[in-house]
Amino acid sequence: MLCLSYVMLLAAAGVGLVFIIQERRIKNHQSVAVNSRLPSLDTMELFIYRMILWSFPLLTLGILLGTHWAYITRGRFWEWDSTETFSLVTWMIYAIYLMLRWGAGWRGRRSTYLALAGFGIILMTLVALFYFSPMHTMGNLRT
């Protein structure tokens, strides 16, 4: 479940990078072909929003199931382990993204930067998982 959410957020981040590059090219009046193979900025921004909108419930459910599993195995819901903490920060960034998009009408570059920041935290979560988390070791995958 978390893997599916992360893949969807990776797709959103990839399109976000293309969005930023394309927007800078347009802003700097560089040659952008009229019949470019890239979708419009609005279409890319809508794709990013939809990927986050669909992945957020999966991310939420994955974290909740993880806390339930932690309670069953360790007797506590939360240990403030680095992986748990980064997962919570990831959830908070995407929750803020959705609130700002719905409530404050954030669109375009600002919302895309926030989406990219969220994926940056996901990468930090994975690094914490493999290298810094005493409770979330991946068995013999560490070398």
Exercise. If two hydrophobic side chains count as joined below 4.5 Å and joins carry through other members, does Met92 share a cluster with Trp106?
Worked result: yes
Exercise. Side-chain heavy atoms under 4.5 angstrom apart, residues restricted to Ile, Leu, Val, Met, Phe, Trp, Tyr: same cluster for Leu9 and Leu126?
Worked result: yes
Problem set entry | Modelled atom types, side-chain donor and acceptor of Trp78 and Thr67, under 3.5 Å | no
For this session: I would like to know whether Glu84 and Arg76 meet salt bridge (charged side-chain N to carboxylate O under 4.0 Å, His left out); could you show each step before the answer?
Result: CA-CA 13 Å; Glu84 294 170 345; Arg76 293 180 60 166; over 6 Å; no
For this session: Verify the cluster assignment for Ile20 and Leu17: are they in a single hydrophobic cluster under the rule of side-chain heavy atoms below 4.5 Å apart?
Result: yes
For this session: Please check if the side chain of Tyr6 supplies one atom and the backbone of Phe119 the other of a donor-acceptor pair under 3.5 Å.
Result: no
Exercise. To the nearest 0.5 Å, what is the distance between CD1 (Ile26) and CG (Leu41)?
Worked result: 4.0 Å
For this session: Just say parallel, tilted or perpendicular for the rings of Tyr49 and Trp102, cut-offs at 30° and 60°.
Result: perpendicular
Seminar exercise, completed: d(Ile48 CD1, Arg50 CZ) to nearest 0.5 Å is 12.5 Å
Seminar exercise, completed: Heavy atoms of Ala12 and Ile52 approach each other most closely as CB-CG1, 4.3 Å
Problem set entry | Heavy-atom check, side chain of His68 versus side chain of Leu64, under 4.5 Å | no
Exercise. Any sub-3.5 Å donor-acceptor pair from Arg107's side-chain atoms to Arg101's backbone N or O?
Worked result: yes
For this session: Give a yes or no on whether Leu61 and Leu98 share a hydrophobic cluster (residues Ile, Leu, Val, Met, Phe, Trp, Tyr; joining criterion: side-chain heavy atoms under 4.5 Å apart).
Result: yes
Exercise. If Ile, Leu, Val, Met, Phe, Trp and Tyr residues are connected whenever their side-chain heavy atoms lie under 4.5 Å apart, and connections chain through other members, are Tyr97 and Val7 in the same group?
Worked result: no
For this session: State whether the side chain of Ser5 and the backbone N or O of Ser55 hold a donor-acceptor pair below 3.5 Å, judged by distance alone.
Result: yes
Problem set entry | Residues, nucleotides or ligands: over 12 heavy atoms within 6.0 Å of Arg109 CZ | no
